[in-house]
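When a ligand or atom number is given, it counts from 1 through the structure's own listing order.
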Amino acid sequence: MKKGYFITLEGPDGGGKSTQIELTTRFLQEKGYDVVCTREPGGTLSAEKIRAIVLDPDTPIYSLTETLLYLAARAEHIQGLIAPALEQGKVVICDRYSDSTLVYQGLVRGLGLEKVKALNDLVVDGLTPDLTILLDAEPNRLLLRRDTRGVTDRFENEGLAFQEKVRDGFVTLAKLEPERIKVVDALQGQAEVQEVIQKLVLELFK
Ligand code: TMP
């Protein structure tokens with residue numbers, strides 16, 4: 001039986017998830033919470049191995065295979081880390097989870113939301129986040145912000161049209177589940193974003 005809290009962060013690449021996860025973890029640890037910080041795909045030895053395959057640009061895979069690999073990694077992650085930590089009453093903060101699969105594989109890669117949702121439901125078996133923070137921003141504005149920092153990575157390689165579809169996908173999901181998915185403007189300063197996240201998390205713990 002789940003006793004802890006399950007919080008996920010989602011959004012397009014380059015929205016500052018990692019920094020916000022670090023800051024949120026520190027904030028909660030200072031308040032005395034036992035926090036487990038993890039990511040998808042990944043989080044356990046086997047899931048990290050799947051991550052290496054699925055994110056390798058030199059290993060082309062079909063969209064269905066890609067979806068199944070993300071879900072296989074999730075199955076390992078849930079059983080090996082997330083569910084046990086929640087049972088022990090910990091706060092689990094996860095960088096991406098089901099919503100990423102629904103957006104990237106379901107809506108952007110074109111397998112279809114319903115089909116991917118059905119597959120994902122089998123894997124997660126009801127383990128839905130208590131709170132999902134969507135770090136949202138227009139991709140072209142994120143890109144400008146990254147350009148000024150001289151960062152070049154997959155974000156730029158995938159192209160703006162791809163990132164716009166990703167953004168639209170997340171916004172669509174947030175509208176479907178406004179109670180769980182809270183949209184936070186990622187273009188605010190780091191401290192402002194963190195302040196909003198802290199309020200949402202404390203609200204959840206009330
Ligand atoms: P990240 O660790 O930089 O967020 O990268 C993970 C990448 O994997 C990101 O581009 C989104 C993608 N992804 C999916 O396509 N489907 C998924 O289910 C998950 C968890 C991630």
task: Using distance alone, decide if ligand 1 has a nitrogen or oxygen within less than 3.5 Å of any nitrogen or oxygen in Tyr104.
output: no
N/O separation below 3.5 Å, Arg96 to ligand 1: yes
message: Under 3.5 Å between any N/O of Tyr97 and any N/O of ligand 1: does that happen in this structure?
response: no
message: Under a plain distance cut-off of 3.5 Å, with no hydrogens placed, do Thr101 and Arg74 share a side-chain donor-acceptor pair?
response: yes
Leu55: numbered ligand 1 atoms lying under 4.0 Å from its heavy atoms: 7 (C), 8 (O)
query: Could Arg109 and Glu66 be called an ion pair, given the rule that one side-chain N must be under 4.0 Å from one carboxylate O?
result: yes
- prompt: Do the ring planes of Tyr5 and Phe205 sit parallel (below 30°), tilted (30 to 60°) or perpendicular (above 60°)?
  reply: tilted
field: Short side-chain donor-acceptor distance under 3.5 Å, Gln194 and Gln198
entry: yes
message: When you measure from the heavy atoms of Val108 to every atom of ligand 1, does any distance fall below 4.0 Å?
response: no
- prompt: Side chains of Glu76 and Ser46: do they bring a donor and an acceptor to under 3.5 Å?
  reply: yes
query: What atoms in ligand 1 come closer than 4.0 Å to a heavy atom of Arg74?
result: 18 (O), 20 (C)
- request: Report yes or no: do Arg180 and Thr132 form a side-chain donor-acceptor pair below 3.5 Å?
  value: yes
query: Just heavy atoms, cut-off under 4.0 Å: does Arg39 contact ligand 1 by side chain, backbone, both, or neither?
result: neither
Ligand 1 atoms in contact with Lys17 (distance to a heavy atom under 4.0 Å): 4 (O)
field: Those atoms of ligand 1 less than 4.0 Å from some heavy atom in Arg51
entry: 2 (O)
query: Under 3.5 Å, is there a donor-acceptor pair between the Glu10 and Ser100 side chains?
result: yes
message: Please report whether ligand 1 has a polar contact with Tyr70, defined as an N or O pair separated by less than 3.5 Å (distance criterion only).
response: yes
- prompt: At a 4.0 Å threshold, what atoms of ligand 1 neighbour a non-hydrogen atom of Glu40?
  reply: 20 (C)
message: Side chains of Ser63 and Gln105: any donor to acceptor distance under 3.5 Å?
response: no
